[in-house]
Structure formats: C-alpha cells, structure tokens
Amino acid sequence: MTLFASLLLSLTICGSIGIKLIGHRYEDVYIVIQNTVAEDPEIIDNIKETFTTASSLLFKATHRRVYFGKINIVIPKEWTNIPNTKQIPSIKLPNFILVDKGQNENPFVKSTECGKEGLYMYLHPSFLLKKGETGYGRKDKVIVHEWGHLRWGLFSEYHSSRKNKFYLDKGRWKPTVCTENIQGRIGIGKFCSTVEEKCQPQNGERRMPSNCNFCPYREQTTNVSIMGYQFVESVNFFCDKDDTSVPVWQRHNHKAPTKQNLLCNGKSAWEVMREHSDFKNGNTPLPDNTNTDPEFVVLKETNAIRVFVLDISGSMNTEDRIGHLYRTSTYIVDSVLPLDSWLGVVCFDEKSKITAQMTKISSDSVRKTLIQSLPSQTAGGTCIGCGITEAINMLNSTFGTAENAEIILMSDGQDGDAGMLASATRLASESHVIIHTVSISQAADPRMIDLAKNSGGKIYTYLDKGSISFAAVFSQVISFSVTEMSAQPETMLFMSVSVPNSAMNFAFKMETDSGLNTTITVLTKLASNAKLTMEVTGPGSTNFKTVDGTSLTYQIPGVLKVNVTSSQATTWDYTVSSMPTGSNQIKSRTRLSQNSFDFNGAPTDMPVVYADITKGYAPVTGVDVFAIVEGAKGLLCNLSLTDDGLGPDQILDDGTYSAFILPVCMENNRLNLRVRISGSKGRARVQIGGSGAIATEEPDITYEDLEDDFQRFSIPEPLFVQNLPNNLNLPPGRITDLSIVHMKTRKTAYGESRNFTIAWTATGGDMNMGKASAYDIRIAEDIDTILNNFTNAQKFEVGNVTLSPKPSGSAEAIRISVNAVESYTGTAFLGIVAIDENQKAGQVSNVVSFLVAKGFRIQVEEVAYYTHGLFDGKTDEVDGMDKKTVNQQPSLVANVLIVFCLVAMLSV
Ligand SMILES: *[C@@H]1O[C@H](CO)[C@@H](O)[C@H](O)[C@H]1NC(C)=O
Ligand SMILES: *[C@@H]1O[C@H](CO)[C@@H](O)[C@H](O)[C@H]1NC(C)=O
Ligand SMILES: *[C@@H]1O[C@H](CO)[C@@H](O)[C@H](O)[C@H]1NC(C)=O
Ligand SMILES: *[C@@H]1O[C@H](CO)[C@@H](O)[C@H](O)[C@H]1NC(C)=O
Ligand SMILES: *[C@@H]1O[C@H](CO)[C@@H](O)[C@H](O)[C@H]1NC(C)=O
Ligand SMILES: *[C@@H]1O[C@H](CO)[C@@H](O)[C@H](O)[C@H]1NC(C)=O
Ligand SMILES: *[C@@H]1O[C@H](CO)[C@@H](O)[C@H](O)[C@H]1NC(C)=O
Ligand SMILES: *[C@@H]1O[C@H](CO)[C@@H](O)[C@H](O)[C@H]1NC(C)=O
C-alpha cells in the first residue's frame, strides 16, 4: 500500500485551491453573480464599495492582521455592458460568495464544522443594492460577520434556537450573547416594544417564556461580538478567551447557549481563529496606515474547454469496460455536453494518441463526428502521464494556454511509467489545467487522485459491481458554469443492474416545477449489438415509444413508468435527469466530511455523509434521505440521514441531512455512496426566513408546502479507507440536547423543594448506533469539572430507580427532586455520559446547571414518560399558583428566603 502514501499526502495539501491568504492579503476571493440576476452595473459598484469598507473593518477586527487583497467578480455571460472584463473558461471553486435571487433575503453562510471553511456565502441582490444601512446593519459589518463563518468556521453568538434566547445565571435570566456588557431591552414583539411582567429576568424559578425577546440597543458602547449582533453600531471586534490574559471587555462568555459554544466546545471566536492557518503562524500586525483597499477584477466565463483522456489499455477489456465506456461517452457527447463548449479526445495505452483535435460543439453533426473519435478497441499498457501530456500540449497549441481547461481522465489500471507521470503532474500544475478523474474499479491507480485534487478537480469512482451507473458518474464530472447554478441538471434516478435480462422496467416521481426537460437514458452493458425498445407510461396513460434507441427526452410531470426490452439479454445502466428551467428548483448536493480515512493514528471522529437539500437556498425539511454504501463486492450498508440536530447533524432543520459512516459499513480501499432523496407532499416543506444574519427585526419564519412529491439521486465523491481493524470498539455518542423541560417548586416548612424533569435524546452504544448500556450522571460545583474532569465529579445518586438506556434516538427523561434548608451559596452543574457494554464512555453532554444551597439533596424520583414536544408551552408551577398570580406580586420572589435557585442553563 505504498501508493496510498502519496494519496494521503495530496489529500491533506489540497488547500492550495480556492481562497488563499498571501502574507496578510486574501487572494482569489470570488464573488459570483448568478444569471438569474438582471444586469445592473450598480451591483458591481456596490460590491466594490461594500468590500472595500469590509476590508478595512476586517483589518481592524483582526487587530491589523488580514484584509481583502484581490477580489474577482464573476458576471454571467448575459451581462454584456460591463467594461474591462477578462474572459476565462470554467472556474472551479471550493468556496465562494454568490449573489442570487433565492427565496431567502438574509445574507447567510452554508457552514460545515467548527474551524472548517463553509461552502458558500449567499448575498441577495437587494442587500447589495440597498443604499446605506440594511435591515442587518451596516453592510461591511454583515460581510465581516459572514466572513467569520465562511473562512474560519465560526458560529453565531446569539441563541441557537428559540428555546434558549435566555439562560439562567446566578438566579437571573440573561440574554444569550457573547458579552455580558451588551445592553438592550427585554420584552415581547419584534422590537421588544411590549414589556411584559412574565419576561422578568429575576423570575428564576420559572423558565423564560419563549415569546420573550432580547433586543440590543443599536447605539451603545459595547465593542465586541461581531459574530453576535453585528448591527450594533459600536461592535467591531471578536470575543476572545475567558481568562485574565484577555482584557475584560473582550472576554467570551462560555456559559451562554450560543451556536458557537455548542458547536465549538465553549471556545471563543479568537480561540478558533488562532487555530486556523491564517493566524496559526503568528501573523504579526501591520502598521495602522496600511492601505487595505482590495483590487477588483471582473471576469466572465467563456464556453468550457474539455479534453477526454481515455484509457484503452488491455485491462479495459475486463467486464467489457471499453464497450461500456464507448456507449456512455457517446451518450455524454450526444446529450450532456453543452452547445458551444469545446471538446478534444486523447486515448492512451503505453503511448498516447489524439483522436479528436479541439472542436467547438456547434451543431448535432459536430457531435456525430466527435462520437466517431471515441475508442471502442483496446491495446497495450498504461501510461497516464502520456495521455495528460498529450492533452496539455494540444490545449496549448490550440489556445496558447491550458489554463482553466478541464481534462477528464478515465483509467482502470496502474500506471506503468512513473517518470512520465511525474513530469505530467508537474506540467499540469504549471499550466493550471483542471483534471477530473474517474477511477474505473478498485485496481485504478490511486495517484490519479493526486492529479485531480492538486488541480482543483473532482474525483469519482466507478465499480463494475455496484449499483451506481457509469453514465451518472460521467455526468457528474461535466460541470456547468458557476454563474448558472440554477441550470445544473438534477438527477432523479440512476441504477446499474448487473443481472442480465432481456426486459427491464423502473418507475420514478417527477415534480411539476422541475420536470420540464427530463431525459431518460438506458444503456446496455456486455451486449454491444442489442437493439432496445423503450416504452414510457406517464399520467393519463401517455405513451412514448422509441425503437432501437437508447435515450429519449420526456416532458410531463408525474409518476413515470419505463419498460425496456432488448433483442438480447444484457445488463443495464440507466439514468433519469432533468434540466430545471426556472430558478427556484429543489436542489440536492451530497458531500463527505473527508475523502480519506485511516484507522492508524486512532481517529476520534468518524467520517460523515451530508446531503444539502434546498429550494431557492431555503432549507427543505421533512425529507427521507438514505445513503447506500458500496465496496468492491457491492452493498455494504444502508444509512438513514437525518436533519434532527443530533449525532453528526449539527443544526436541526437547516436542510442538511447527515449520518456517520461507521466501520461496519466499511472495507479497505474505495467506497462509493449513492444517496436517495425523496420528499412527499404534505410532509416535506420549505422553511423560509429564520436562518442567516440576525436582523434588527426578528424575522418571521414561514413555511412553503410542496406541490408535489419529488425524488433525487446523488453521488458524493468516494471515501478511501485504510487499515480498517477487524473489530473496533467505538465509544457511545455524545448527548447534545440535555435540557430542563418542566419545573415545579413548593415551599416547605423547612425551605424549598423543587422537582424538575430533565430530558434528552438517547445516543447509541457505538456512536449513535444501537443502544448504550448505562448512563453516568454527575454534578460538580464548577462547570469546568464537568467539561474537563468528568470522572472526578460527584456521581449522581439514582436511588433504586433503574435507568437503562433506550435505543439511539429515543426520548429519555427523568424527574429529579432537590431539597435544601440553607440559603443559596453555590452552583451545581450536571452532565451526562453514555457508557457501552465494554465500559467505554462517550463524550460529556451539554451541561444543565442549578444554583443550589449548601447541603442540598438531589435524587432521581422516577423515569419520566416523555415524548418530544410534550412539555412545549407548558408553564412551570410554583406552589400551585399559576403564573399570573405570581406576576401580580413581583416582590414575592425577592422577599422569600431563597433556599436555592435553579439555573436552567444549557452550556456546551
Ligand atoms: C472596547 O471598549 C472598552 C470599553 O468598553 C475599551 O476599554 C476598549 O479600549 C475598547 N477596545 C478597543 C480596541 O477600542
Ligand atoms: C505552450 O506553448 C508555447 C509555445 O507555443 C510554449 O512556449 C509554452 O512553454 C507552452 N506551455 C506549456 C505549458 O506547454
Ligand atoms: C428541452 O430539451 C430539448 C433538447 O435538449 C431542447 O431542444 C428544448 O429547448 C428544451 N426545452 C426547454 C423548455 O428547455
Ligand atoms: C411493463 O412491464 C411490467 C412488468 O414486466 C408489465 O407488468 C407491464 O404491463 C408493462 N407495461 C407496459 C405498458 O407494457
Ligand atoms: C434502505 O432502507 C430504506 C428504509 O428502510 C428502504 O426504504 C430502502 O429500500 C433501503 N434501500 C436499499 C437499497 O436497501
Ligand atoms: C417532588 O416529588 C416528590 C416525590 O415524588 C414529592 O413528594 C414532592 O412533593 C414533589 N415536590 C414538588 C415541589 O412537587
Ligand atoms: C480533576 O479532579 C481531581 C480530583 O478532584 C483533581 O485532583 C485534579 O487536579 C483535577 N484535574 C484537572 C485537570 O482539573
Ligand atoms: C424505591 O422504590 C419504591 C417503589 O418502587 C419506593 O416506594 C421507595 O421509596 C424507593 N426507595 C428509595 C430509597 O427511593
């Protein structure tokens, strides 16, 4: 496995593509305007103005360390009146800023994980076109706030959900913010204009009603937490560590249940930033008078330039790979490559040959000519380097450069000419060509991955035995223009059927607003002379019949049934894809947390598969998502991906569905994933508003119901597994939603007695799979003992209550009572850990805390019946009186001898 050494190296250095920090300047920042936005030179002017002021603020906020150096603005082809534009072919970006007219107007970043770069920053044209201040505050502040999400993987420093807008600390409710210095009003309504008794911060014995808000004053003196309320005019800095090394004004509040605390383990913005490569190497401050004005370049994408570099070595005869490649590439040239794009074809065995010079696809007859250059015969050995070098030379001699042209490399073998491969790798990097690779079978040379990743290209695998269709994999590497994201085809279905048959049928669902231009493609495998008859039955018994064809275009929504017969028995490969014709289509995108996973070096995290499902950039919730994991011999696992905010899923209802890929679903070498997404009318819905930058006015969340069922199939890049152990005992998962759902307080002759119900969602015995075998609940007088020294905290007595964990995902709850006779003196923090049958413990949950009296007694009363939402809206009970009665005598709380106070606080 020495080949894998080079593979791993390149997977870790692929940060060279995308936004770069050179010295103190960010270069290669791309702002991409989508073609759904009407041509308007003012958008360009406003981008320049906004990012120039944002650059200066970024410089100030990072204590003079970084600013925007060079910004490329990419405009759509349709924009024709913008002067001084530079033309370049295909732009490939791992992350960027995009301007589009989605359903959400608020700026936001699609985040990944704490400390990792986000996928994109979204800006609506109305935000850029607004003169002066926006509903989210000054534009430069919004940009720097979003930059914190996009570049450094910071999360927001306000409440992570409506349930935790406030947290209890020292007996009082405090707003969920990074700095305690921030001033504002507490009340009801968008501007907290109605001040209500029930929103009293001193009512510590009840939870704060969920309609009470905190509205910071726009004008005040607080200067930190740009990741919090960025619209506060004086806020210019990021929070830093909560200790004496940091001035008091900048200290981070690690107790508040902000997303930043929840997802970054209580770390402040600066603690996360200092671990990022931008600041890790002690980037020293620049002088105050540094010119931070960025340079702007306006770019326009020209038609894509591609070269197919195809392996025709002897091994391509295995399983009729060459025949399959021929039929699939014929389909791609015929139906997938866009009109007016360029194509050249190079074939290689131990040497290389150009079979088609660079040709502009200007008509159907040009397509037919190009198809004749596709290979169908094999010969000789494998020299990948020869093919790449030939392609680059052809590009250079046609266009004078190979920069930003795309090479699509397909091979199934080990390269036999290391010298040639090394020199081709150098040439590729010098000429800035983009190389996408499709590895055919597990035997394909892993060094192809180096080539692709170092050039910013995509990597895919086609396994002869899997259910993933070659046509779908091939289509995946044909990318569309970055300014035409809404026009990218969506795949509804694909399948590779390996049981030979002379008839086959399948059905799929097509939603009304995307089914406008659907292509059904059926290809045969291992049967090169088969003649096909295809019959499509749509709603109202519509019948379409093609004889002796392999592909047809269908344009009616609904459930479609396809019957295909063949003149000879064959295995099959079919795909159904659709070209969206409007801009607010349901889009799916799948990705992995990493492309390679090595069990040597004791990894702590498991790889995660994600599916992002959006409609006009707004999340689609309530969708069924499954990922099929396949290895050399076929199916390994069927995973369910969820958007429940538990386990690997960071945020509830954000349209990102996720699942761990656990060792039981793995084998060494390449794993392919096929993700099936299906939404049904009535259950799936689009959530509009409620995400993104916080506005001065709390936005309303609205829901759009879908008019139809829909389905999608998607293929993320493959996962490379190494050193998979025979048996691995994984620890249980982490509980992240421990909370107090109900409180009941009674004054007794001795002091006070309080009962409350704490609830959480069960995790599993192996991460979030199966069932844990015990819970370890502990309390301590300081939060850091719970977070960092859990096993030394005091064990929670559960008496004779049997607390046996339910299966992962089940609702769990216990009712506990606390009794004390003395007045309040300290704080108790409570955390929970799941333990498996081998006594292996998971990570400590989020923390709930109580302010308690000296000598308090705490005990578990019972395992409580609980289902999600059972206590929602239920008010807490105090001495049998309802809330209103208590609120009419606000002095009551202050006057009684407070035996203990309870802090319902969600910390990390
Ligand atoms: C931020 O505000 C505090 C007072 O609230 C002040 O002491 C401090 O100097 C300010 N920091 C900067 C960098 O202006
Ligand atoms: C491209 O061709 C020119 C001459 O036509 C040559 O000078 C240059 O080195 C070539 N570049 C590459 C990357 O081969
Ligand atoms: C559908 O596709 C066909 C063939 O690609 C094309 O001619 C036609 O214009 C498309 N129709 C729409 C509505 O985009
Ligand atoms: C399609 O095939 C199925 C199963 O072979 C068959 O039951 C059905 O009648 C066929 N439909 C048509 C329209 O031929
Ligand atoms: C995966 O599991 C789901 C739910 O149990 C099921 O509907 C689906 O058919 C399964 N897929 C495969 C390929 O087994
Ligand atoms: C708490 O529960 C215990 C036992 O179930 C009960 O005796 C006590 O009265 C309860 N206290 C309150 C405040 O409800
Ligand atoms: C953990 O707790 C033990 C016992 O209270 C104490 O001796 C030890 O110093 C603590 N360790 C840390 C890292 O705080
Ligand atoms: C144990 O449980 C029983 C009911 O099953 C209860 O009556 C008893 O008080 C409990 N004992 C303790 C110490 O909690």
Side-chain angles (χ1 to χ4, degrees), residues 56-65 141 144 177-183 216-217 219-226 228-229 232-240 243 246-253 266 269-270 285 288 463 465-469 493-499 506-509 609 611 623-631 633-642 657 659 661 664-665 671-680 683 709 711-715 769 776 778-795 809 828-829 831 833 844:
S56 149
L57 177 62
L58 187 62
F59 187 65
K60 180 174 182 181
T62 58
H63 307 302
R64 310 193 309 273
R65 280 174 177 83
K141 298 233 162 137
V144 173
V177 288
C178 172
T179 173
E180 300 206 2
N181 298 330
I182 195 158
Q183 299 130 26
Y217 302 130
E219 281 176 50
Q220 53 181 295
T221 53
T222 307
N223 53 15
V224 285
S225 186
I226 215 154
Y229 292 91
V232 172
E233 302 200 349
S234 53
V235 164
N236 287 317
F237 301 98
F238 295 98
C239 288
D240 204 340
D243 71 22
V246 168
V248 176
W249 62 270
Q250 206 180 0
R251 282 184 208 165
H252 171 78
N253 168 11
W270 265 110
D288 237 343
L463 301 174
K465 289 281 180 290
S467 67
I468 294 174
S469 112
L493 176 69
F494 60 75
M495 197 61 68
S496 175
V497 182
S498 52
V499 181
F506 57 90
F508 58 93
K509 275 180 240 162
V609 52
V623 178
D624 291 321
V625 185
F626 292 96
I628 307 298
V629 186
E630 296 182 340
K633 290 178 216 73
L635 187 133
L636 290 166
C637 247
N638 182 357
L639 304 171
S640 168
L641 278 67
T642 54
Y657 296 72
I661 305 171
V664 290
C665 296
L671 298 182
N672 255 349
L673 281 90
R674 165 166 67 89
V675 180
R676 197 194 67 180
I677 296 156
S678 44
S680 49
R683 208 158 66 76
D709 295 353
Q711 77 175 61
R712 295 286 185 277
F713 267 52
S714 178
I715 318 172
M769 203 179 63
D776 187 0
R778 291 183 189 247
I779 51 173
E781 308 242 328
D782 71 298
I783 189 166
D784 295 313
T785 300
I786 293 291
L787 293 175
N788 309 320
N789 204 359
F790 189 74
T791 50
N792 279 306
Q794 184 194 331
K795 229 178 156 124
F829 297 85
V833 153
V844 181

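Whatever order the structure lists them in is the order used to number ligands and atoms, beginning at 1.
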Any idea which protein heavy atom is nearest [atom], and the distance to it?
atom: atom 4 (C) of ligand 1; value: Trp249 CB, 4.5 Å
atom: atom 9 (O) of ligand 5; value: Arg676 NH1, 4.1 Å
atom: atom 12 (C) of ligand 7; value: Asn789 ND2, 3.3 Å
atom: atom 5 (O) of ligand 7; value: Asn792 CB, 4.1 Å

After noting the C-alpha distance and the side-chain angles of Asn236 and Leu57, does the key distance pass the side-chain contact (heavy atoms from CB on, under 4.5 Å) rule? CA-CA 7 Å; Asn236 287 317; Leu57 177 62; 3.5 Å; yes
Sub-4.5 Å side-chain heavy-atom contact between Phe238 and Val144: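 The answer is yes; the side chains approach within 4.5 Å.
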Protein heavy atom under 4.0 angstrom of atom 7 (O) of ligand 7, is there one?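 It does not; no protein heavy atom is within 4.0 Å.
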Heavy-atom protein contact below 4.0 Å for atom 14 (O) of ligand 7: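 Yes, because at least one protein heavy atom sits under 4.0 Å from atom 14 (O) of ligand 7.
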Ring centroids only, cut at 6.0 angstrom: are Phe237 and His63 within range, meaning strictly under it?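 Close enough - the centres of the two rings lie under 6.0 Å apart.
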Stepwise, does the side-chain contact (heavy atoms from CB on, under 4.5 Å) test hold for Tyr217 with Val232? CA-CA 7 Å; Tyr217 302 130; Val232 172; over 6 Å; no
Need the ligand 5 atom indices (1-based, order shown) with element for anything under 4.0 Å from a heavy-atom of Ile628.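 Under 4.0 Å from Ile628, ligand 5 has these atoms: 11 (N), 12 (C), 13 (C).
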Check Cys665 against Val629 and note the closest heavy-atom contact, atom names and distance.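 Minimum heavy-atom contact is O-CG1, 3.5 Å.
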Is the backbone of Gly466 close enough, under 3.5 Å, to the side chain of Glu630 for a donor and an acceptor to pair up by distance?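 Not a single qualifying donor-acceptor pair exists.
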Which option wins on minimum heavy-atom distance to atom 2 (O) of ligand 5: Asn638, Asp624, Leu639?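 Selected option, by shortest heavy-atom distance: Asn638.
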Are any of the N/O atoms in Asn223 less than 3.5 Å from those in ligand 1?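 In this structure, Asn223 places an N or O atom under 3.5 Å from an N or O of ligand 1.
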Could you walk me through whether Ser498 and Lys465 satisfy the side-chain contact (heavy atoms from CB on, under 4.5 Å) test, starting with their C-alpha distance in whole Å, then the side-chain angles of each, then the deciding distance to 0.1 Å, before giving a yes or no? CA-CA 7 Å; Ser498 52; Lys465 289 281 180 290; 5.9 Å; no
